[in-house]
Enquirer: 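Once you've had a glance at the structure underneath, I'll fire off some questions.
Throughout, protein chains are lettered first and strands after them, A, B, ... in sequence-line order, and every chain is numbered starting at 1. Just so we're clear, the structure is a prediction, and the values are computed from it rather than from any experiment.
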Amino acid sequence: MKIATWNVNSLNVRLPHLLEWLRAATPDIVALQETKLEDARFPAAAISELGYHCVYSGQKTYNGVALLSREPARDVLTDIPGLDDPQRRILVATIGDLRIVNLYVVNGQDVGTEKYAYKLDWLKKVTAFLREELQRHPRLIVLGDFNIVPEDRDIYDPEAWRGKILCSEPERAALQGLFDLGLHDSFRLFQAEAGHYSWWDYRQAGYRRNLGLRIDLILASAALRERCRGASIDGVPRGWERPSDHTPALLELSDD
DNA sequence: ATGGTAGGCTTCCTA
């Protein structure tokens, strides 16, 4: 089965891209971020026509997460213990025999700002939740827009970004905290090369110049590691007209 | 140090 994550940067604008990509890529589970839609405006009908069930947690203008799946989602959570957050950034559900956690991690704006402190606090609380969730659900997938560059090989110019937002040591330490729970960056189970990216800034012709970052990740728990068959980034949608600034990341998992 | 582009219901905020 294929599991994917994609920050669509407005599902209202990107719905045609999403539908085209679903037809082409035929994923079984898709986590979306930055839908920027209130739940009443979620385009469930258009998506269900392609054979997907939808659950979503959205808000006007900002944030918003959704899960699309061939099988219906069960035991859905939009809020987690210890994190009282009006921002819609988390969606947890059981799909088949997998527990899925879709995250739109806080961007953090700039190191040292209020939003940066919120990012680190948010990550601390989500990590505590995931530690518990792994006890309840060993077959756990945590995926989404992490807004953290894991390593120097995941960014076009590591020296220019050293210590900056998305690359700072406290952010990388927070991501390492997730790895320490036994969650594996599935892309790196299959690909060691530098130069594979999932996001390019709209500004300064970032995509044309390939000034990319790999910040969209699919983490697989230790119990799922043996079922991982391949991981990839589908760069095609980033090249379409009026694209999201992110492109989808994928994980292929065997059925058992 | 700043600004560049994109999306939203906006005369700026977020990324």
Enquirer: Are any protein N/O atoms closer than 3.5 Å to N/O atoms in nucleotides 1-3 of chain B? If there are, list each pair with its distance.
Expert:
| unit_1 | atom_1 | unit_2 | atom_2 | d |
| --- | --- | --- | --- | --- |
| B:dG3 | N2 | A:Gln204 | NE2 | 2.5 |

Enquirer: Can you pull out every side chain to side chain donor-acceptor pair (under 3.5 Å) where at least one residue sits in residues 35-49 of chain A? Sequence neighbours excluded, please.
Expert: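 Side chain to side chain donor-acceptor pair (under 3.5 Å) check on residues 35-49 of chain A returns A:Asn9-A:Lys36.
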
Enquirer: Say whether A:Arg99 and A:Thr94, considering side chains only, have a donor N or O and an acceptor N or O under 3.5 Å apart.
Expert: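 Checked: A:Arg99/A:Thr94 side chains pair up, N/O donor to acceptor below 3.5 Å.
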
Enquirer: When you match A:Gln109 and A:Thr35 each to their closest nucleotide on DNA chain B, which lands nearer the 5' end?
Expert: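 Mapping each residue to its closest nucleotide by heavy atoms, the 5'-most match is A:Thr35.
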
Enquirer: Enumerate the side chain to side chain donor-acceptor pair (under 3.5 Å) contacts for residues 109-120 of chain A, please, sequence neighbours excluded, ordered by first and then second residue.
Expert: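 Those involving residues 109-120 of chain A are A:Asp85-A:Tyr118, A:Gln87-A:Tyr118, A:Arg89-A:Tyr118, A:Tyr116-A:Ser168, A:Lys119-A:Glu171.
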
Enquirer: May I have the distance from A:Trp161 (atom CH2) to B:dA15 (atom P), rounded to whole angstrom?
Expert: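 Roughly 14 Å, once rounded to whole Å.
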
Enquirer: Quick one: ring-ring contact (aromatic ring centres under 6.0 Å, His included) partners of A:Phe187, sequence neighbours excluded?
Expert: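 Partners of A:Phe187 by the ring-ring contact (aromatic ring centres under 6.0 Å, His included) criterion, ordered by chain and then number, come out as A:His196.
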
Enquirer: Whole angstroms only, please: what is the NZ-P distance between A:Lys36 and B:dG8?
Expert: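 Nearest whole value for this atom pair: 6 Å.
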
Enquirer: Using atom P in both nucleotides, what's the gap between B:dA6 and B:dT2 to the nearest angstrom?
Expert: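 That atom pair is separated by 23 Å.
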
Enquirer: B:dA6, B:dT14, B:dC9: which one has an atom nearest the side-chain heavy atoms of A:Tyr62?
Expert: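 Nearest to the side-chain atoms of A:Tyr62, counting from C-beta on, is B:dT14.
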
Enquirer: OP1 or OP2 of B:dG8 sitting under 4.0 Å from any side-chain N/O of A:Lys60?
Expert: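 Result: no.
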
Enquirer: Give me the distance, rounded to whole Å, that separates B:dG3 from B:dC12 when you measure between the P atoms they each carry.
Expert: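 Going atom to atom, P in each nucleotide, I get 15 Å.
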
Enquirer: Rounded to whole angstroms, how far apart are CD on A:Glu114 and C1' on B:dT14?
Expert: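 Interatomic distance, CD of A:Glu114 to C1' of B:dT14: 15 Å.
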
Enquirer: Tell me which nucleotide among B:dG8, B:dA6, B:dA15 gets nearest to the side chain of A:Tyr104.
Expert: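 In terms of side-chain proximity for A:Tyr104, the closest of B:dG8, B:dA6, B:dA15 is B:dA15.
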
Enquirer: With rounding to whole Å, what would you report as the distance between B:dC9 and B:dT14 at their P atoms?
Expert: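 These two P atoms come out 14 Å apart once rounded.
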
Enquirer: What is the distance from CD of A:Gln59 to C1' of B:dA15, rounded to the nearest Å?
Expert: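 Nearest whole value for this atom pair: 14 Å.
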
Enquirer: Give me each pair satisfying side chain to side chain donor-acceptor pair (under 3.5 Å) with a member in residues 13-22 of chain A, each pair once, sequence neighbours excluded.
Expert: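 Those involving residues 13-22 of chain A are A:Trp21-A:Asp234.
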
Enquirer: If I take atom OH in residue A:Tyr207 and atom P in nucleotide B:dA6, what distance separates them, rounded to the nearest angstrom?
Expert: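 A:Tyr207 atom OH is separated from B:dA6 atom P by 14 Å.
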
Enquirer: Within this structure, what is the CG-to-C1' distance between A:Leu37 and B:dG8, rounded to whole angstrom?
Expert: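 Distance check: A:Leu37 CG to B:dG8 C1' gives 11 Å.
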
Enquirer: Could you check how far CG of A:Leu166 sits from P of B:dT14, rounded to whole Å?
Expert: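 In whole Å, B:dT14 P and A:Leu166 CG are 16 Å from each other.
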
Enquirer: Taking B:dA15 as the reference, what is the distance to B:dT10 when you measure between their C1' atoms (whole Å, please)?
Expert: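 About 16 Å, rounded to a whole number of Å.
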
Enquirer: If I take atom CZ in residue A:Arg203 and atom P in nucleotide B:dA15, what distance separates them, rounded to the nearest angstrom?
Expert: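 The answer, rounded to whole Å, is 11 Å.
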
Enquirer: Test the A:Arg88-A:Tyr104 pair against the cation-pi criterion, namely NZ or CZ under 6.0 angstrom from the six-membered ring centroid and within 45° of the ring axis.
Expert: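 No, cation not above the ring by the 6.0 Å, 45° rule.
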
Enquirer: Within the structure shown, what part of the strands sits under 4.0 Å from A:Arg89 by heavy-atom distance: base, sugar-phosphate, or nothing?
Expert: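 Since only primed, P, OP1 and OP2 atoms lie under 4.0 Å of A:Arg89, the category is sugar-phosphate.
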
Enquirer: Please identify each residue that fulfils ring-ring contact (aromatic ring centres under 6.0 Å, His included) with A:Tyr207, with sequence neighbours left out.
Expert: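 In terms of ring-ring contact (aromatic ring centres under 6.0 Å, His included), with neighbours along the sequence ignored, A:Tyr207 is linked to A:Trp200.
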
Enquirer: For A:Tyr62, enumerate each residue passing the ring-ring contact (aromatic ring centres under 6.0 Å, His included) test, keeping only those at least two apart in sequence or located in another chain.
Expert: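 ring-ring contact (aromatic ring centres under 6.0 Å, His included) list for A:Tyr62, sorted by chain: empty.
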
Enquirer: With sequence neighbours excluded, tell me which residues meet ring-ring contact (aromatic ring centres under 6.0 Å, His included) with A:Tyr56.
Expert: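 Listed in chain order: A:Phe42.
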
Enquirer: Does any residue of residues 11-18 of chain A have a heavy atom under 4.0 Å from DNA chain B, and if so, which ones, in number order?
Expert: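 Here the set is A:Asn12, A:Val13, A:Arg14.
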
Enquirer: Can you find a side-chain donor-acceptor pair between A:Gln33 and A:Asp145 that sits under 3.5 Å?
Expert: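 Per modelled atom types, A:Gln33 and A:Asp145 side chains form no pair under 3.5 Å.
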
